[in-house]
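Read through the structure below, which is laid out as structure tokens, and then see the notes.
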Amino acid sequence: TQVRRLGDLVRRGQQLAALGEMAAGVAHEIRNPLNSIRGFVELLQEKTQGEDRRYMQIVVEEVDRINHIVEGLLHFARQQGITLEGMDLAPVLVRAMALVAAAAEKKHVRLKGAWPDAFRVTGNAAKLQQVFLNLVQNALEAVPQGGDISVTASPAQDGSASGWAVRISDNGCGIGEEDMQKLFTPFFTRKEKGTGLGLAICHKILEAHAGRIEVESQIGEGTTFIVWLPEA
């Protein structure tokens, strides 16, 4: 089981690396003409009235939506060469929980956190903030009104390497086996307005940290994402 798990992680990393190279090239080629289109439409808007002006505003909004996807592609591709250093991970988790607290309160979701006051990993604080905020937001979207989300951290070995495992758990709808195989594939999403790049970007960031991300889920019971990071 351990060998199969590691093999799956390696294959996933290779697939995402190839997709990252392709994504960077495609994103650069798309972004420049998109910006030109947006600029010319805005110029035309200034000279147009009535229904035609409303149509042009729709064009601008749709261009912005495409740009949002392109920016996601670039974020996905730019996860190599991250500067890593010894850092305290506790403040990163505190901030991730704080950033979703208002949305959780509105949904009557209980947020629970349990980790040491200070524990050190080798990482990049800004990039790890991106990872944990994404995972906690995903959990919030998965749970029903009055649901539960917990974030915990504990020491964990990865072979001979010492590190910390952070678990983000929810009691939401769970993920089917078929979807579990596609979770980290770019553009795979069940969200109506999602781009399907969030988890792929998380995987790339953690790969650059010599870390990993795994998921356990049961339909109707909930999901746990496990992030492992090397100890500083």
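From a predicted model like this one, the values you see are computed outputs, not experimental measurements.
For Glu105, the CD atom counts as loosely surrounded, since its 6.0 Å shell holds 12 or fewer non-hydrogen atoms of other residues, nucleotides or ligands. Annotation: Arg53, atom CZ; neighbour count of heavy atoms from other residues, nucleotides and ligands within 6.0 Å is above 12. More than 12 heavy atoms of other residues, nucleotides or ligands sit less than 6.0 Å from atom CD of Gln145.
One finds the CG atom of Leu183 at 8.5 Å from the OG1 atom of Thr223 (value rounded to the nearest 0.5 Å). Rounding to the nearest 0.5 angstrom, the gap separating the CG atom in Leu93 from the CD atom in Gln129 is 8.5 Å. The line from CG of Asp170 to CD of Glu141 is 11.0 Å long, rounded to the nearest 0.5 Å. Atom CZ of Arg38 sits about 10.5 Å away from atom CG of Leu34, to the nearest 0.5 Å. With values rounded to the nearest 0.5 angstrom, Ile205 atom CD1 is found 10.0 Å from Ile213 atom CD1. Atoms NZ and CG, on Lys182 and Leu199 in that order, are 14.5 Å from each other to the nearest 0.5 Å.
A donor atom on one side chain and an acceptor atom on the other are found under 3.5 Å apart for Glu177 and Gln181. Judged purely by distance below 3.5 Å, without hydrogens or angles, the side chains of Glu231 and Thr122 never pair a donor atom with an acceptor atom.
The side chain to side chain contact (heavy atoms under 4.5 Å, CB included) test with Leu229 is passed by exactly one of Leu206, Asp158, Val131: Leu206.
Taking the charged nitrogens against the carboxylate oxygens, Glu61 and Arg65 have no contact shorter than 4.0 Å, which rules out a salt bridge. Remark: Glu51 engages Arg54 in a salt bridge, criterion side-chain N to carboxylate O under 4.0 Å.
Considering every non-hydrogen atom in both Gly172 and Pro144, the closest pair reads CA-CD, 4.1 Å. Summarising the geometry of Ala232 relative to Gly86, their closest heavy-atom pair is CB-CA, 3.8 Å, with the distance given to 0.1 Å. Contact detail for Pro230 and Ala210: the closest heavy-atom pair is CD-O, 3.9 Å. Taking each heavy atom of Lys107 and Val143 in turn, the nearest pair found is NZ-O, 2.7 Å. Looking at every heavy atom in both residues, Ala125 comes nearest to Val92 through O-CG2, 4.2 Å. Between Phe119 and Ala153, the closest heavy-atom pair is CZ-CB, 3.6 Å.
When the side chains of ILVMFWY residues are joined at heavy-atom separations under 4.5 Å, either directly or via intervening members, Val63 and Phe40 end up in two distinct hydrophobic clusters. Cluster annotation: Ile226 is not connected to Ile168 through the hydrophobic network of ILVMFWY side chains, with a link wherever side-chain heavy atoms come within less than 4.5 Å. Val227 and Leu99 fall within a single hydrophobic cluster, where Ile, Leu, Val, Met, Phe, Trp and Tyr are joined by side-chain heavy atoms under 4.5 Å apart, directly or via other members. In the hydrophobic clustering of ILVMFWY residues, with side-chain heavy atoms under 4.5 Å counting as a link, Tyr55 and Val59 come out apart. Hydrophobic clustering places Leu140 together with Ile201 (ILVMFWY residues linked when any side-chain heavy atoms are closer than 4.5 Å, directly or through intermediates).
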Open item on the list: Go through it in stages, so that I can follow the logic: the residues are Val151 and Leu111, the test is side chain to side chain contact (heavy atoms under 4.5 Å, CB included), and I'd like the CA-CA distance, side-chain angles, deciding distance and then a yes or no.
Closed with: CA-CA 8 Å; Val151 180; Leu111 294 176; over 6 Å; no

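Under the 4.5 Å side-chain criterion, counting only non-hydrogen atoms from C-beta, Leu89 is in contact with Phe132. Between His209 and Leu128 the shortest side-chain heavy-atom distance falls below 4.5 Å. With a 4.5 Å cut-off on side-chain heavy atoms, Val60 and Asp64 count as touching. Taking 4.5 Å as the limit, some side-chain heavy atom of Ser154 sits within range of a side-chain heavy atom of Arg167.
Asn171 places no side-chain N or O within 3.5 Å of a backbone atom of Gly147 that could act as its donor or acceptor partner.
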